[in-house]
Novice: 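First the structure, then my questions, so here it is.
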Amino acid sequence: LFQMVWDDADERERDALYPRGEAWLERFFESGSWNWIWQRLWAHRPKGRALVELGYLWLYDNLGHPGWGRVWQCMFDSGLREPDLLRSALEALPRQPESPADLPIWQKVETLQPPKAEFLGAIVRKLAQVRSPHKIEQGVDFISSRVGDFSLSELLGPAITDSMAHPGWPHFMQLLTKRCRTDLRLLELGLDWLAG
């Protein structure tokens with residue numbers, strides 16, 4: 001109901017509705033419509049400190065929620081660059097459901113200059129759970145182009161090993177080893193998986 005009233009309201013009416021929406025956000029973090037209400041208030045008054053704090057709380061409590069990326073991107077696109085924005089992203093990347101927003105979010109997270117192994121490791125953990133061959137290929141391309149002078153197994157060995165039990169791992173490894181045929185440690189990880 002709030003969403004419908006808000007969408008039909010003019011600016012003056014929205015100013016009057018804003019405190020009610022903010023109070024509701026503070027009390028109903030578990031509601032399925034939380035992120036929609038937050039987004040409407042954010043569009044009306046971006047970077048309001050109370051909304052920033054509520055946004056961070058919700059992001060940390062909803063790392064696997066399908067609406068996580070919408071709230072995170074609103075904050076990022078407004079110019080916020082606080083450490084919590086990066087920290088919440090690194091925790092959420094492997095938990096987020098597969099989405100067309102994955103690659104744009106990865107690119108935005110990368111601009112926050114995360115530690116390379118932690119950032120790419122989060123993407124590895126995500127890709128090991130993905131079922132779409134296209135998404136896995138897109139992710140392997142993204143990772144391969146950012147490894148630099150490191151060997152993949154040296155940089156991402158722990159993330160690759162930790163995610164072996166996930167359903168997308170075999171396809172992910174198949175693509176990864178095609179790109180890095182000379183990385184013997186990577187091939188050994190594949191043999192370990194086959195043996196197990």
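We number each residue from 1, following the sequence as shown. Since the model is a prediction, treat every value here as computed from it, not as a measurement.
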Novice: Pair L120, L152 - check side chain to side chain contact (heavy atoms under 4.5 Å, CB included), show working.
Specialist: CA-CA 10 Å; L120 296 179; L152 268 167; over 6 Å; no
Novice: Salt-bridged, K116 to E110, with N to O below 4.0 Å?
Specialist: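 Here K116 does not pair with E110 in a salt bridge, since their nearest N and O are not under 4.0 Å apart.
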Novice: Any non-hydrogen side-chain atom of L54 less than 4.5 Å from a side-chain atom of W42?
Specialist: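 No, too far: nothing below the 4.5 Å cut-off.
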Novice: Under a 3.5 Å distance rule, please check whether W68 uses its side chain to pair with a backbone N or O of A92 as donor and acceptor.
Specialist: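 A pair under 3.5 Å: no.
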Novice: Taking only residues two or more places apart in sequence or in another chain, which ones pass salt bridge (charged side-chain N to carboxylate O under 4.0 Å, His left out) with R185?
Specialist: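 Per chain and number, R185 pairs via salt bridge (charged side-chain N to carboxylate O under 4.0 Å, His left out) with E188.
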Novice: How long is the span from the CH2 atom in W6 to the CG atom in L1, to the nearest 0.5 Å?
Specialist: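 Going from the CH2 atom of W6 to the CG atom of L1 covers 14.0 Å.
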Novice: Are the side chain of K135 and the backbone of S99 linked by a donor-acceptor contact shorter than 3.5 Å?
Specialist: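 Yes, K135 side chain to S99 backbone: donor-acceptor pair under 3.5 Å.
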Novice: About how many Å separate CG of L127 and CD1 of I143, when rounded to the nearest 0.5 Å?
Specialist: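 Nearest 0.5 Å value for the CD1-CG distance: 5.0 Å.
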Novice: Using the test ring-ring contact (aromatic ring centres under 6.0 Å, His included), find all partners of W193 that sit at least two apart in sequence or belong to another chain.
Specialist: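 For W193, the residues satisfying ring-ring contact (aromatic ring centres under 6.0 Å, His included) (neighbours in sequence not counted) are W169.
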Novice: Side chain to side chain donor-acceptor pair (under 3.5 Å) with D102: which of Q107, Q96, K126?
Specialist: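 Running side chain to side chain donor-acceptor pair (under 3.5 Å) over Q107, Q96, K126 with D102 returns exactly one hit, K126.
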Novice: May I ask you to list the residues sharing a hydrophobic cluster with Y60, side-chain cutoff 4.5 Å, ordered by chain and number?
Specialist: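 Once heavy-atom contacts under 4.5 Å are chained together, Y60 still belongs with nothing else.
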Novice: Just by modelled atom types, is the D141 backbone N or O under 3.5 Å from a matching donor or acceptor in the S144 side chain?
Specialist: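 Answer holds: no.
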Novice: Taking the side chain as every heavy atom from C-beta outward, state whether F172 and V124 have any pair of such atoms under 4.5 Å apart.
Specialist: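 Yes; the side chains approach each other to less than 4.5 Å.
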Novice: Where the side chain of Q3 meets the backbone of W36, is there a donor-acceptor pair that is under 3.5 Å apart?
Specialist: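 Judged by distance alone, no pair lies under 3.5 Å.
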Novice: Within this structure, what is the NE2-CG distance for the pair H166 and D162, rounded to the nearest 0.5 Å?
Specialist: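 So the NE2 of H166 and the CG of D162 are separated by 8.5 Å.
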Novice: Of all the heavy-atom pairs spanning V109 and A89, show the shortest one and how long it is.
Specialist: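 In this case the closest contact between V109 and A89 is CG2-CB, 3.6 Å.
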Novice: My understanding is that a hydrophobic cluster links ILVMFWY residues whose side chain heavy atoms are under 4.5 Å apart, including indirect links. Using that, what else belongs to the cluster containing L184?
Specialist: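 In the cluster with L184 are L187.
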Novice: Taking the side chain from Q129 and the backbone from R125, do they hold a donor-acceptor pair closer than 3.5 Å?
Specialist: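 Checking the backbone N and O of R125 against the side chain of Q129, a donor-acceptor pair under 3.5 Å is found.
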Novice: Taking 4.0 angstrom as the limit, do D8 and R14 come out as a salt bridge?
Specialist: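 The answer is no: the pair does not qualify as a salt bridge.
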Novice: For the residue pair P97 and G64, what are the closest heavy atoms and their distance?
Specialist: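 The answer is CD-O, 3.5 Å.
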Novice: Side chains of residues 19-29: which donor-acceptor partners sit under 3.5 Å, not counting sequence neighbours?
Specialist:
residue	atom	partner	partner atom	Å
E22	OE2	Y18	OH	3.4

Novice: With a 4.5 Å heavy-atom cut-off, do M75 and K47 have their side chains touching?
Specialist: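 Heavy-atom side-chain distance check fails, nothing below 4.5 Å.
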Novice: Is the side chain of R45 donor-acceptor paired with the backbone N or O of L41 at a distance under 3.5 Å, no angle test?
Specialist: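 No: the side chain of R45 does not pair with the backbone of L41.
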Novice: Taking the side chain as everything from C-beta on, heavy atoms only, tell me whether L112 gets closer than 4.5 Å to F76.
Specialist: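 With C-beta onward as the side chain, the pair touches.
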Novice: Among pairs that include at least one residue of residues 70-81, which meet salt bridge (charged side-chain N to carboxylate O under 4.0 Å, His left out), considering only residues two or more places apart or in two chains?
Specialist: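 Pairs touching residues 70-81 that pass the test: D77-K108.
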Novice: If you define the side chain from C-beta out and look only at heavy atoms, does anything of R40 sit under 4.5 Å from D7?
Specialist: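 Yes - at least one pair of side-chain heavy atoms lies under 4.5 Å apart.
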Novice: Walk me through whether E82 and R49 qualify under salt bridge (charged side-chain N to carboxylate O under 4.0 Å, His left out).
Specialist: CA-CA 12 Å; E82 298 174 3; R49 196 67 225 165; 2.8 Å; yes
Novice: Does V130 reach the side chain of H171, with side-chain heavy atoms less than 4.5 Å apart?
Specialist: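 No, too far: nothing below the 4.5 Å cut-off.
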Novice: Tell me the closest heavy-atom pair linking E91 and R95, and the distance in Å.
Specialist: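 In this case the closest contact between E91 and R95 is O-NH1, 2.9 Å.
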Novice: For the atom pair CG (L186) and CG (L156), what is the distance rounded to the nearest 0.5 Å?
Specialist: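 CG of L156 is found 9.0 Å from CG of L186.
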Novice: Compare every heavy atom of L90 with every heavy atom of P115, then report the nearest pair and how far apart it is.
Specialist: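 Heavy atoms of P115 and L90 come nearest at CD-CD1, 4.5 Å.
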Novice: When rounded to the nearest 0.5 angstrom, what is the spacing between CZ in R179 and CD in E137?
Specialist: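 With rounding to 0.5 Å, CZ (R179) is 6.0 Å from CD (E137).
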Novice: Identify which one of W58, W34, W72 satisfies the ring-ring contact (aromatic ring centres under 6.0 Å, His included) criterion when paired with H65.
Specialist: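 Of the listed residues W58, W34, W72, the ring-ring contact (aromatic ring centres under 6.0 Å, His included) partner of H65 is W58.
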Novice: Of all heavy-atom pairs between R131 and E98, which one has the smallest distance, and what is that distance?
Specialist: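 Closest heavy-atom pair between R131 and E98: N-OE1, 3.7 Å.
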Novice: Out of curiosity, D192 CG to I160 CD1, how far, rounded to the nearest 0.5 Å?
Specialist: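 That separation rounds to 12.0 Å.
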Novice: Taking the side chain as everything from C-beta on, heavy atoms only, tell me whether N62 gets closer than 4.5 Å to N35.
Specialist: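 Side-chain contact under 4.5 Å: no.
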Novice: Please examine the side chains of L189 and M164, heavy atoms only from C-beta on, and report whether any two atoms are closer than 4.5 Å.
Specialist: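 In contact.
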Novice: Where do W38 and C74 come nearest, in terms of heavy atoms and distance?
Specialist: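 Nearest heavy atoms, W38 then C74: CZ3-CB, 3.7 Å.
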